[in-house]
Novice: 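My structure is below; once you've seen it, I'll send some questions.
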Number of protein chains: 2
Amino acid sequence: MNLRTLRYLVALERHRHFGHAADACFVSQPTLSAQIKKLEEELGVQLVERRHRKVLLTPVGAEVARRAARILQEADEVVELARSQQDPMAGQVRLGLIPTLAPYLLPHVVKPLKKKYPELRCLLYEFQTLVLLERLDRGELDAAVLALPVPLDGLEHFELFDEPFLAALAHDHPRANARSLTLDALRGETLLLLDDGHCLRDQALEVCSRIDVHEYHDLRATSLETLRQMVGAGLGVTLLPALAQRADDAVQTVPLVPQPTRTIAMVWRESNPRGTTLSLLAEAIRETMAPQITAWGGRAA
Amino acid sequence: MNLRTLRYLVALERHRHFGHAADACFVSQPTLSAQIKKLEEELGVQLVERRHRKVLLTPVGAEVARRAARILQEADEVVELARSQQDPMAGQVRLGLIPTLAPYLLPHVVKPLKKKYPELRCLLYEFQTLVLLERLDRGELDAAVLALPVPLDGLEHFELFDEPFLAALAHDHPRANARSLTLDALRGETLLLLDDGHCLRDQALEVCSRIDVHEYHDLRATSLETLRQMVGAGLGVTLLPALAQRADDAVQTVPLVPQPTRTIAMVWRESNPRGTTLSLLAEAIRETMAPQITAWGGRAA
DNA sequence: ATTTTCGATTGATATATCCAATGAATTGTC
DNA sequence: GACAATTCATTGGATATATCAATCGAAAAT
């Protein structure tokens, strides 16, 4: 069976006339006749009653034509689907972000992106780095926004910006009102960290590795907001990524000198055919965030 | 576009491997490769990510494949329609049954069916209810025999009979030789059940919900025969469907009063062109089983 | 460094589809 | 009743398409 042949049958049903149906299909009448006949042979049933000056579909023929019309419609829909996919900035993109970034970055970028690329529908997911890379590889995500470094084999990457870390202290901490702090000033403090698996945990540990701080081991926060609460409650200090800072009576954030940062980038599979879309998307995010980041002394990539 | 090409795409989706997909379609690998490529060109979108040792469908590719599978199923239905037109009770029918019914029902019906419809070849499958419904929907089965209720949208159904439940007790259980039991008589017993996913598990729980029994949680049987062994070993009691009873030194089955039952029915897709065949088949099964069922006090539908 | 795996490419061959011309059956006209 | 008109079927040759075996080349595995 063949979609073309089904089209012939549907045309024949409409026109009830071999010649006219053939015209409508832009083929010659013998072609259509032969194909209908072949279809009948293949199916082993008579589809058409050929009477002089009158073509009638048999009951089976009518049913087959009805189903054929439906099949053709669905086939046309597939073509439509593909066509609508042609515009690089249309359709949907499945985007994953790390949890210590997503809730703070998205409020800045979602609206501008919607404005710049109104046809683009971003499906947003929040996973830790390892899961992001896994899903990326399995094709369950189109791109991931995360902190470098990650193993980049087979991946394209586009650096978005360097996000500074700030010291977060309880409001009644002796140094809470300093204009800035050196890392050394935190020596001897109790350091609060996120749970295992969050890249921010490793980044904070890395930054603080050269000074003598003791991690608070009894409780590890599972979200940045919990971590902030713990700082506010006076359990210790932590490093907050700049995007996560906000007015908070209980917690003061103080810039560090020299400024530690983490590099935020978007990555995707080299083989992803939507590479263009993803570059443009990354570029748009970079551009949107640049003013904010430079104001904080970070590097817009 | 071409139905053959769509078949190639669907095979590629299933196998995620050009060579294997080609084998499954009985063509050479270059043929399949070329056709997929041509389809991509025709649609103007990349459907497949070709990575070394790994083939991945793009999101569009996956969607196209999904629609293609549907189209192909409908095309196959046209062929079936035509075939069944020639002789409704010839050809093959793919029939799925639930595992708590198949081994006990089939010995009763296979021979009579063979006699009544010698041209009909039944391919038999055994799956749990959820899988049956899924495969039915995907067109991998023509009909399923299962216990109602199930969601019946888009499905025809034909009730075959109501199968009674019997109490199954170890032969040395105090009540093992009773002529009949009320459910209340099981109060306080340990109830043995099948594993999750078996509808019989839910049916037994439903029946016993009003009396106080404790489920034996440490081990759930994966088959009715295992369950019977466990009862024989004295681990507890269970409910057996009437068709599953048989002479067994270690296990006694006792009728319950009033008699709980489950309704066994055959279901198939409304759109299945072999509806006539399937009704006749169901009718034949109902007729074959009626004497047996009424002898047990069940209702022949 | 070598081998293995696997999709892409090539070129020859078989098949399917197409059209123009023509045939055959029915109906309408003189 | 002969002849023309209509309409679908058939024929035969041209063209397009799908197919295969053989081979290539890149990436991984050893």
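Letters A, B, ... are given to chains in the order of the sequence lines, protein chains preceding strands, and every chain is numbered from 1. All of these numbers come straight from a predicted model, not from anything done at the bench.
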Novice: Take atom CG of Leu12(B) and atom P of dC6(C), then tell me their distance rounded to the nearest Å.
Specialist: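 Result: 14 Å.
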Novice: Between dA8(C) atom P and His17(B) atom NE2, what is the distance in whole Å?
Specialist: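 About 11 Å, once rounded to whole Å.
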Novice: List the atom pairs, with distances to 0.1 Å, where a side-chain N or O of residues 143-151 of chain A and a protein N or O form a donor-acceptor pair under 3.5 Å, not counting sequence neighbours.
Specialist:
none

Novice: Asn2(B) side chain N/O closer than 4.0 Å to the phosphate oxygens (OP1, OP2) of dA16(C)?
Specialist: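 It does not, given that no N or O in the side chain of Asn2(B) lies less than 4.0 Å from OP1 or OP2 of dA16(C).
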Novice: Using a 4.0 Å heavy-atom cut-off to protein, can you give one letter per nucleotide of nucleotides 23-30 of chain D, 5' to 3': B if the base is in contact, S if only the sugar-phosphate is, - if neither?
Specialist: ---BBS--
Novice: Would you check if there is a donor-acceptor pair between the side chains of Asp195(A) and Thr222(A) at a distance under 3.5 Å?
Specialist: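 No, Asp195(A) and Thr222(A) have no side-chain donor paired with an acceptor closer than 3.5 Å.
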Novice: Using atom types as modelled, flag every donor-acceptor pair under 3.5 Å from a side chain in residues 127-136 of chain A to any protein atom, sequence neighbours excluded.
Specialist:
from      : atom 1 : to        : atom 2 : distance (Å)
Gln128(A) : NE2    : His198(A) : NE2    : 3.2

Novice: Between Glu41(A) and Lys38(A), does at least one N-O distance fall below 4.0 Å, as a salt bridge requires?
Specialist: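 Result for this pair is no, no salt bridge flagged.
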Novice: Examine distances only and state if a side-chain atom of Asp142(B) and a backbone atom of Val93(B) form a donor-acceptor pair shorter than 3.5 Å.
Specialist: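 No; zero donor-acceptor contacts below 3.5 Å.
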Novice: Return the set of residues passing side chain to side chain donor-acceptor pair (under 3.5 Å) with Glu13(A) (not counting sequence neighbours), or none when no residue passes.
Specialist: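 Checked Glu13(A) against side chain to side chain donor-acceptor pair (under 3.5 Å); zero matches.
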Novice: Under 4.0 Å from any atom of DNA chain C, heavy atoms only: list the residues of residues 30-43 of chain A that qualify, in numerical order.
Specialist: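 By residue number: Pro30(A), Thr31(A), Gln35(A), Lys38(A).
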Novice: Whole-Å distance between dC20(D) C1' and Asp23(B) CG?
Specialist: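 Roughly 13 Å, once rounded to whole Å.
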Novice: Does Arg50(B) have a side-chain nitrogen or oxygen under 4.0 Å from the phosphate oxygens OP1 or OP2 of dA8(C)?
Specialist: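 Indeed, a polar side-chain atom of Arg50(B) lies that close.
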Novice: Considering residues, nucleotides and ligands other than Glu42(A), do more than 12 of their heavy atoms fall under 6.0 Å from its CD?
Specialist: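 Yes, CD of Glu42(A) has more than 12 neighbouring heavy atoms, counting only those of other groups under 6.0 Å.
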Novice: Between Glu77(A) and Arg67(B), is there a salt bridge with N-O shorter than 4.0 Å?
Specialist: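 Between Glu77(A) and Arg67(B) there is a salt bridge, with a charged N closer than 4.0 Å to a carboxylate O.
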Novice: Round to the nearest Å and state the distance from Gln46(A) atom CD to dA9(D) atom P.
Specialist: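 Going from Gln46(A) (CD) to dA9(D) (P), I get 10 Å.
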Novice: At under 4.0 Å, does any side-chain N or O of Tyr8(A) touch on OP1 or OP2 of dC18(C)?
Specialist: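 Indeed, a polar side-chain atom of Tyr8(A) lies that close.
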Novice: Leu3(A) has an atom CG; how far is it from atom C1' of dA16(C), in whole Å?
Specialist: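 Checked: the CG to C1' distance equals 15 Å.
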Novice: Which sits closer to the 5' end of DNA chain C, Arg4(B) or Val55(B), going by the nucleotide each is nearest to?
Specialist: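 Mapping each residue to its closest nucleotide by heavy atoms, the 5'-most match is Val55(B).
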Novice: Among residues at least two apart in sequence or on other chains, which ones pass side chain to side chain donor-acceptor pair (under 3.5 Å) with Ser33(B)?
Specialist: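 Ser33(B): side chain to side chain donor-acceptor pair (under 3.5 Å) contacts with Gln29(B).
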Novice: Expressed as a whole number of angstroms, how long is the span from Leu56(B):CG to dG7(C):P?
Specialist: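 The answer, rounded to whole Å, is 13 Å.
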Novice: What integer distance in Å separates Arg16(B):CZ from dG7(C):C1'?
Specialist: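 So the two atoms are 16 Å apart, to the nearest Å.
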